[in-house]
Structures are given as structure tokens and as C-alpha cells.
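Below is one structure, written out as C-alpha cells; the observations come after it.
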Amino acid sequence: MNLAGFQIAALFVLTFISVGHSCMKMDKATTIVARTIEENGFTNPLPIPISINGTSAVMDAKSGSAILGNGITANALSYGNADILGPTIRIVQGEHFKLNFTNRLAEATNIHWHGLEVPADQDGYPTDVTVPGGSFQYDFEIKNRPGTYWYHPHPDMATASQAYRGMAGFFIVGSPEETELGLPVGEYDVPIVVQDKRIENGALNYNPSDDDRSVGMFGESVLVNGVTSPIFEVATRVYRFRLLNGSNARIYNFALSSGENFQLIGTDGGLLDAPISVPSVLLAPGERADILVNFGTFSPGNELYLQSNAFAGTETQGKQAYKILNFHVVRQENDPFVLPASLMNVDKIPETEAIATRSFNIGHMMAHNGMASSGGMIHPLDGRFFDPNRRDEVVNGGSSEIWEFDNTNGTETHPMHLHAGQFQVLSRTGGRGRVEPWEKGWKDTVLAFPGEKVRIIIRFPKNTGKYVFHCHNLEHEDGGMMLNYEIK
């Protein structure tokens with residue numbers, strides 16, 4: 001069956017199921033729950049990814065083995081010289097990023113610079129891939145605000161597989177303005193990527209079942225910077241932690257086991273106007289948050305944990321609370337840090353600037369009955385499946401629009417991500433019914449729970465060309481929940 005025929009057949013099944021939903025309150029998806037996280041003794045030192053200079057970088061995609069802790073060695077994919085994951089790329093706003101990339105895998109791949117404003121031919125469009133043995137030169141100016149961004153593969157229908165097996169890394173942008181704030185730096189500025197994995201027979205094999213393709217790939221082991229059950233030794237001072245949810249599908253409700261608040265200072269697109277004291281931060285796949293944790297109230301010998309608290313709003317996950325990372329206070333230090341009253345201005349886009357409003361239905365029921373096992377598309381976005389040969393939306397560079405992601409009738413969570421730049425969250429109706437503190441700055445990914453409608457406003461960059469927007473549950477993305485938009 002050709003692509004068009006498959007889509008028609010899928011939509012027929014989709015329509016049939018959707019009609020039946022009005023009479024049947026429980027869809028198959030609501031009976032599938034995330035795997036329970038298994039906690040072990042926290043004894044493995046937390047690794048910190050090496051940093052490389054983004055103005056003249058060289059990177060290979062490769063396969064190999066990785067030491068995951070607790071005596072586990074598994075096959076994995078990576079960027080650079082690391083066993084798993086990739087190096088942290090550091091660069092300053094306004095500098096020119098240059099990377100010589102070589103694909104040493106046995107499959108095609110590419111790199112998407114998640115959250116960065118880059119030209120279309122540099123963005124890692126799903127069909128712009130580097131073949132095995134091939135090379136590509138990434139070269140673009142850093143226009144983004146200082147902040148915590150990241151990179152990962154984005155080949156059509158293989159993003160979930162490659163990212164799950166280890167391909168991801170931090171992309172940290174700095175600036176003189178940020179330096180002047182006196183935020184923690186060096187060993188006190190710690191990137192933290194959290195991912196759940198299904199480790200079976202010493203392997204990170206990606207073999208999703210139909211249920212996994214429906215709701216997302218969940219694992220029983222939580223890895224932090226590539227290791228399970230990590231411990232991080234800290235001093236009695238303030239640390240900056242750059243939190244990244246790098247999982248395929250799992251959502252984390254980050255909090256401290258001590259119950260103390262931490263200071264939220266940044267979101268997907270960099271620093272906030274001012275710090276916000278919060279007890280927790282809920283991040284979906286692709287989202288980031290910069291937080292400050294003060295260990296000065298603890299004494300050497302004390303321990304506490306970064307954990308994920310239970311949360312409501314979805315039938316699939318959120319019912320379990322579990323520990324993620326052990327903090328062991330090992331030494332006393334005098335800390336000169338003073339929390340700034342203000343950070344970096346977030347220029348709000350007024351709604352009156354929008355020249356159009358577009359609404360996208362992300363609450364479609366998914367197609368089942370063996371369609372997933374065929375590797376076909378089962379997750380539509382606004383009734384359509386991804387097709388690289390189609391232009392779904394056309395926008396004007398430099399203009400602003402309001403986009404609505406409507407999950408009012410949905411049964412699954414959908415973190416919606418736009419390529420090409422950042423946006424701001426205007427409102428959320430239904431469900432939580434509010435914009436969360438970690439959604440008040442610049443964003444590139446926003447989460448819609450079942451029953452929610454989220455409105456965002458985007459000022460499109462003037463980079464012309466074709467980009468995508470999609471659900472960042474990677475099984476949903478690879479299952480067709482992705483559309484094109486062209487900036488002209």
C-alpha cells in the first residue's frame with residue numbers, strides 16, 4: 001500500500017474508533033500504564049559530560065558499549081568520545097557555531113538543535129540525513145538567548161530508536177550579561193539529563209510493542225547523565241542544576257526529598273525575569289528548567305534526593321513517586337553567592353501583535369488493531385500524518401501568530417514542540433487551567449494534558465524554509481504526529 005492509501009486506511013480506523021468513543025468511556029490507551037521505576041542503592045558517581053568548544057567542534061555518531069552502573073554494561077549509541085550521550089557544547093551568544101559531523105553508524109542519522117533558531121537546512125529536518133560513512137558541516141550563528149538547549153537525532157521514523165539508545169547532548173549558550181549575574185559556574189553549574197530505560201539482558205535494544213507505540217516507551221531504570229542510581233557529592237553552598245527531560249515519553253515532577261523549595265531561574269529558552277521559589281517542576285520530554293539548590297542549610301554527612309513526585313492529570317503515568325539522584329553533602333564551604341532580584345528581561349509578545357490564529361486538534365484517538373506492529377503511522381496531528389512532500393502550514397517570517405493545541409477530547413499527554421525558534425505560553429484552559437511557573441519564560445515545548453487546550457504565541461524568525469512541529473513523545477512523533485510548516 002502506498003503512503004496515501006495507508007493514511008486513508010488509518011484515518012478510516014481512526015474515525016471508526018473516534019465515533020465509538022462517545023459511547024465507550026475507556027479507550028485502550030487508558031488501560032496502559034508506565035512501567036514502575038525500580039530503585040536501587042545510590043552508589044554510582046554521577047558523571048559530568050565533557051565540554052567542547054562550539055566554534056570549532058568535531059563529532060562522530062557511533063555505536064559501542066556503555067557502563068551504566070551497578071555492574072551493567074550495555075550496547076549504546078553516542079556522539080563524540082563518550083560511551084553514551086554526547087559532549088556538552090558550550091558557546092557564546094553571537095558566536096558562529098561550526099561542527100564537522102561524521103556518521104559512523106550503520107543507519108542514516110542527523111542532528112536537530114532543539115530550541116535553537118537556525119536556518120532550515122541546518123535544523124535536522126527528518127529527511128535531511130547523513131548516510132552511513134557520510135559527513136555534514138553544520139554552520140550557523142548563535143542567535144538564542146543564553147540558556148540550556150540540547151541536540152539529538154531527528155531522522156524520520158527513527159528518532160525514538162536513536163535517542164533511546166543514547167544519542168543526545170547539551171548545547172549551552174552563555175553571554176557576558178549572564179556572567180555579570182554571578183550565578184554558579186564551573187563545578188557548581190551541573191547539567192542533568194534524566195532518561196528512563198528498559199535494560200534487558202545487558203542491552204538498550206529498542207523493540208517497542210504495540211502498547212509502547214501507543215502511549216510511549218517507558219523503562220524501569222532511571223539514568224542520570226547515562227548512569228543508573230547516581231550519587232553526587234556537594235558542598236554547603238548553592239548549585240545550579242540544568243534539568244533536561246531526555247526521555248522518550250516519561251514525565252518527571254522534579255522535587256527535593258527534604259520538601260524544601262528551590263529557585264527556578266530558567267526555562268527552555270533561557271533565564272526568567274526573576275527567580276521563582278517553587279516546590280517542584282514538572283517537565284515533559286524535551287523540556288528544560290534551570291534551578292538553584294541551596295545545600296547551605298545542610299551539614300556534612302546529610303543526604304537528600306532529587307526525586308519525582310506523583311502527579312495527577314493522566315491515566316498513563318504520574319502515580320508513582322521515586323528517587324532519581326542522591327545528593328551527599330561532604331564538605332563545608334563559605335558561599336559568597338547572593339540571589340539576584342532580577343535575571344534577564346523576557347520581552348513579552350503582545351497578543352495584539354498576532355496576525356492569525358491557528359488551532360490544531362491533538363486529541364485524536366489513536367489507531368490500534370495491529371497497525372503499530374507494522375511500523376506504520378498511528379498518531380495523527382489535526383487529522384493528518386507526517387508527509388515530507390506536503391506543506392501543511394505557511395507563515396510569514398517576522399510575523400506573530402497564536403497557535404492553539406487542543407487536547408480537550410484526548411486521552412494522552414502531548415508535549416508539543418516547534419522547530420525554528422521559541423514561543424511564549426499565553427493560557428491553558430481545562431485540566432490544570434493555568435500557566436505554570438516554568439512556562440512563564442521563552443519555550444519551545446509545551447505540555448497539554450488530556451482535557452487541556454494550550455495557547456501559545458510565536459514570533460517567527462526570518463529564516464525561510466520548511467520546518468516541523470510535533471509531539472515530543474517520540475513514539476507519537478515517529479508514529480506520524482508531526483506536520484510541516486514553511487516560513488516564507
Applying ring-ring contact (aromatic ring centres under 6.0 Å, His included) to Tyr305 and Phe327, what does each step give before you reach the verdict? CA-CA 6 Å; Tyr305 291 88; Phe327 296 120; 8.4 Å; no
Given the rule in the side-chain contact (heavy atoms from CB on, under 4.5 Å) test, do Ser359 and Thr357 qualify, once you have shown the distances and angles that lead to the verdict? CA-CA 7 Å; Ser359 184; Thr357 296; 5.8 Å; no
Decide side chain to side chain donor-acceptor pair (under 3.5 Å) for Thr127 and Asp156; before the verdict, give the C-alpha distance in whole Å, the side-chain angles of both, and the deciding distance to 0.1 Å. CA-CA 6 Å; Thr127 56; Asp156 188 21; over 6 Å; no
Could you check Phe360 against Phe469 for ring-ring contact (aromatic ring centres under 6.0 Å, His included), going step by step and ending with a plain yes or no? CA-CA 11 Å; Phe360 302 94; Phe469 62 103; 5.0 Å; yes
Step by step, would you call Ser209 with Asp211 a side chain to side chain donor-acceptor pair (under 3.5 Å)? CA-CA 5 Å; Ser209 66; Asp211 286 349; 5.0 Å; no
Evaluate the side chain to side chain donor-acceptor pair (under 3.5 Å) criterion for residues Asn253 and Ser308: first the C-alpha distance (whole Å), next the side-chain angles of each, then the deciding distance (0.1 Å), finally the verdict. CA-CA 5 Å; Asn253 190 17; Ser308 181; over 6 Å; no
Check against side-chain contact (heavy atoms from CB on, under 4.5 Å), Leu304 and Phe295: CA-CA 10 Å; Leu304 67 155; Phe295 297 104; 3.9 Å; yes
Apply side-chain contact (heavy atoms from CB on, under 4.5 Å) to the pair Cys471 and Glu477, showing each step before the final yes or no. CA-CA 5 Å; Cys471 178; Glu477 173 189 331; 5.5 Å; no
Could you walk me through whether His417 and His112 pass the side chain to side chain donor-acceptor pair (under 3.5 Å) test, one step at a time? CA-CA 12 Å; His417 170 54; His112 167 53; 3.2 Å; yes
Run the numbers on Tyr252 and Asn309 for side-chain contact (heavy atoms from CB on, under 4.5 Å), then give the verdict. CA-CA 8 Å; Tyr252 301 97; Asn309 288 345; over 6 Å; no
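Electrostatic pairing of Asp444 and Arg288 counts as a salt bridge here, judged by a charged N lying under 4.0 Å from a carboxylate O. Of the charged side-chain nitrogens involved, at least one lies within less than 4.0 Å of a carboxylate oxygen, so that Arg391 and Glu486 count as a salt-bridged pair. A salt bridge links Arg358 to Glu393: at least one charged side-chain nitrogen sits closer than 4.0 Å to a carboxylate oxygen. Salt bridge present: Arg35 and Glu200 bring a charged side-chain N and a carboxylate O closer than 4.0 Å. In summary, Arg165 and Glu107 engage in a salt bridge, as defined by a charged side-chain N under 4.0 Å from a carboxylate O. For the pair Arg198 and Glu220, the salt-bridge criterion is not met [side-chain N within less than 4.0 Å of a carboxylate O]. Looking at Glu439 and Lys443, no side-chain N of the basic residue comes within less than 4.0 Å of a carboxylate O on the acidic one, giving no salt bridge. A salt bridge is defined here as a Lys NZ or Arg NE, NH1 or NH2 lying under 4.0 Å from an Asp or Glu carboxylate O, and Asp392 with Arg390 meets this definition.
Residues Val129 and Pro155 have side chains in contact (heavy-atom distance under 4.5 Å, counting atoms from C-beta outward). Between Thr413 and Pro450, some side-chain heavy-atom pair lies under the 4.5 Å cut-off. Side chains of Pro208 and Met217 form a contact here, defined as non-hydrogen atoms less than 4.5 Å apart. Under the 4.5 Å side-chain criterion, counting only non-hydrogen atoms from C-beta, Asn70 is in contact with Asn44. Between Arg432 and Leu447, some side-chain heavy-atom pair lies under the 4.5 Å cut-off. Looking at heavy atoms from C-beta onward, Pro153 lies out of side-chain contact with Ile111 at the 4.5 angstrom threshold. Under the 4.5 Å side-chain criterion, counting only non-hydrogen atoms from C-beta, Leu483 is not in contact with Phe386. Considering only heavy atoms from C-beta on, Pro87 stays 4.5 Å or farther from Pro49 through its side chain.
Figure legend: Lys323 and Phe42 shown without cation-pi pairing, the cationic atom not lying both under 6.0 angstrom from the six-membered ring centre and within 45 degrees of its axis.
When His419, His154, His114 are each tested for a side-chain hydrogen bond (donor to acceptor under 3.5 Å, both in side chains) with Asp123, only one passes: His419.
Going from atom CD1 of Ile192 over to atom CZ of Arg240 covers 13.0 Å, rounded to the nearest 0.5 Å. With values rounded to the nearest 0.5 angstrom, Asn75 atom CG is found 6.0 Å from Leu204 atom CG. Considering CD1 of Ile402 and CZ of Phe423, their distance stands at 13.5 Å, rounded to 0.5 Å. Rounded to the nearest 0.5 Å, atoms CG (Asp290) and CG (Leu183) are 9.0 Å apart. Expressed to the nearest 0.5 Å, how far CD of Glu412 lies from OG1 of Thr316 amounts to 3.5 Å. Between atom CG of residue Leu283 and atom CD1 of residue Ile251 there is a gap of 10.0 Å, rounded to the nearest 0.5 Å.
In this structure, Arg428 contributes its side chain and Arg434 its backbone to a donor-acceptor pair below 3.5 Å. For Asn144 (side chain) and Gly115 (main-chain N/O), a donor-acceptor pair under 3.5 Å exists by modelled atom type. Asn201 places no side-chain N or O within donor-acceptor distance of the main-chain N or O of Ala203, the cut-off being under 3.5 Å. Side-chain N or O atoms of Asn248 include none that pairs as donor or acceptor with a backbone N or O of Leu474 at under 3.5 Å. With Arg145 contributing its side chain and Leu271 its backbone, the two residues share a donor-acceptor pair below 3.5 Å. Counting only distance, with no hydrogens or angles, the side chain of Asn407 and the backbone of Ala448 share a donor-acceptor pair below 3.5 Å. Side-chain N or O atoms of Asn205 include none that pairs as donor or acceptor with a backbone N or O of Asn207 at under 3.5 Å.
Separation of the Phe241 and Phe262 ring centroids does not fall under the 6.0 Å cut-off. The distance between the ring centers of His472 and His152 falls below 6.0 angstrom. Taking the six-membered ring for Trp and the full ring otherwise, the centers of Trp113 and Phe171 sit less than 6.0 Å from each other. Here the two rings, on Phe254 and Trp438, have centers that are 6.0 Å apart or farther.
Contact between Pro285 and Pro415 at its shortest, heavy atoms only, is O-CB, 4.0 Å. The shortest heavy-atom contact between Pro191 and Thr88 is CG-OG1, 4.3 Å.
Annotation: salt bridge (charged side-chain N to carboxylate O under 4.0 Å, His left out) contacts of Arg250 (sequence neighbours excluded): Asp196.
Judged as a salt bridge (Lys or Arg N to Asp or Glu O under 4.0 Å), the pairs with a partner in residues 273-286 (not counting sequence neighbours) are, in order, Asp273-Lys348.
With 3.5 Å as the limit, one finds no donor-acceptor pair spanning the side chains of Gln320 and Thr36.
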